Amino acid sequence: MIGSIDWEAAVNARRSVRNYEMQALEEGKLKQLQDFAESMNVPFPHDVKIRFFKANPDKKLFTVFASPPDGAAFLAGTDIISISKAGFIGELLILYATNLGIATCWYGHYKTDELEQIMPHLGEYAALTQPKWGYGKNEVEGRRAICITPLGYWRNTGVRLIDRIQETFISHKRKPVSALLEDGTDAEKLSPNLNYALDLARKAPSAANSQFWRFGVSPDNQTITIAMPVGYKHMKWEHPDVDIGICACHFWLGLLLKNIMCRVSISQDKGRVVWRFEI
Ligand SMILES: Cc1cc2nc3c(=O)[nH]c(=O)nc-3n(C[C@H](O)[C@H](O)[C@H](O)COP(=O)(O)O)c2cc1C
């Protein structure tokens, strides 16, 4: 799984792209993405499904930019553990796509009726009234599109206002590891390998770049937890546990890149998801 892909370069190169060429992915690249999605090995059982779709070349789906012809949706149950796993699995696909030179953007507030039209996925639930944006605020029955992403090529001729705003206010700037450690853990005292994996983790994307993950490290550096602070609420994004799964994915890749084996467990504690890595 780790194999021929430069995951570290993908973590560093990935950016949310909101300006696309109206050009379909080459068949070969789409096939590579599909094969990767089918054969992906992750360290936990799950019911997440990646579906690829063809979108209309207009602004209906993403509203603030026109969709390129291709996209992918991450479908899962809507309990917080399942959506967090969707974050982990979705990020693996996004990093793999980055490695192929494909631009992406995590998107939670896609237009729900447009997605159902281009990629019917609601089945018996389609008859119910659906939220306008995304799958809704709360847990619901059945599997939903937790987030989607465009898959295409960055159109970099001229910087549009929306890109400039993103760059200035909610850009890729990230907090240092030292600001994310719980219980006064000193970043200087972490092993170099752990520092490396946490550095990849802190670079994860999060809704509005909120970076609400916190890292708990046991004194012997053998157990690491990733979770949001108890009681955390985001003003606009209803599902921050998705982002925690994304961050956990980066951390897991960091350990793998350092040949560190670990046991991964995912649990629900005090209303949020806790990812635990035992080295
Ligand atoms: C779970 C999740 C949902 C997101 N939803 C949206 C969205 O609905 N609209 C949008 O423009 N960007 C969305 N983003 C993109 C973030 O704004 C972006 O990842 C963040 O600002 C960091 O920038 P970067 O991805 O370029 O590093 C989402 C990101 C994540 C992780």
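Whatever order the structure lists them in is the order used to number ligands and atoms, beginning at 1. Everything quoted here is computed from the prediction, not taken from an experiment. In what follows, every heavy atom counts, from backbone to side chain, and hydrogens, waters and symmetry copies are set aside.
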Please determine if Arg144 forms a cation-pi arrangement with Tyr125, meaning its NZ or CZ atom is less than 6.0 Å from the six-membered ring centre and no more than 45° off the ring axis.
yes

Where's the contact between Ser206 and ligand 1, heavy-atom distance under 4.0 Å: side chain, backbone, both or neither?
backbone

His239, portion touching ligand 1 at heavy-atom distance under 4.0 Å:
neither

Would you please name every residue forming a side-chain contact (heavy atoms from CB on, under 4.5 Å) with His121, sequence neighbours left out?
Arg51, Leu75, Leu115, Glu116, Met119, Ala145

Structural part of Tyr110 in contact with ligand 1, heavy atom criterion under 4.0 angstrom
neither

When Trp275 is tested against each of Phe44, Phe251, Trp252 for ring-ring contact (aromatic ring centres under 6.0 Å, His included), which residue passes?
Phe44

Which atoms of ligand 1 are found less than 4.0 Å from any heavy atom of Pro205?
19 (O), 25 (O), 31 (C)

Relative to ligand 1, is Asp243 under 4.0 angstrom through side chain, backbone, both or neither, heavy atoms considered?
side chain

Ligand 1 versus Ala208, non-hydrogen atoms closer than 4.0 Å: side chain, backbone, both, neither?
backbone

Quick test of your reading of the model: are Asp70 and Lys54 salt-bridged, counting only N-O distances below 4.0 Å?
yes

Ring center gap for Trp133 and Tyr107 short of 6.0 angstrom
no

To the closest 0.5 Å, what do you measure between CG (Asn12) and CG (Asp199)?
8.0 Å

For His109, the ligand 1 atoms with a heavy-atom partner under 4.0 Å come out as 8 (O)

Quick check on contacts: which atoms of ligand 1 are under 4.0 angstrom from a heavy atom of Ile246?
31 (C)

Check Lys203 against ligand 1 and report side chain, backbone, both or neither, counting heavy atoms closer than 4.0 Å.
neither

Using a strict cut-off of 4.0 Å, indicate which atoms of ligand 1 neighbour a heavy atom of Asn209.
20 (C), 21 (O), 22 (C)

Partners of Lys132 by side-chain contact (heavy atoms from CB on, under 4.5 Å), sequence neighbours excluded?
Lys111

Does an N or O anywhere in Ser16 fall below 3.5 Å from an N or O of ligand 1?
yes

Determine, using ring centers only, whether Tyr153 and Tyr20 are less than 6.0 Å apart.
no

With only distance considered, is Arg15 within less than 3.5 Å of ligand 1 through an N or O on each side?
no

State the CZ-OG1 distance between Phe62 and Thr149, to the nearest 0.5 angstrom.
6.5 Å

N/O of Cys105 under 3.5 Å from N/O of ligand 1, yes or no?
no

Would you say that more than 12 heavy atoms from the other residues, nucleotides or ligands in this model lie under 6.0 Å from the NZ of Lys60, or not?
no

Checking heavy-atom distances from atom 11 (O) of ligand 1 to each of Gln211, Glu91, Arg18, Lys173, the winner is Arg18

Can you tell which part of Val64 has a heavy atom less than 4.0 Å from ligand 1: side chain, backbone, both or neither?
neither

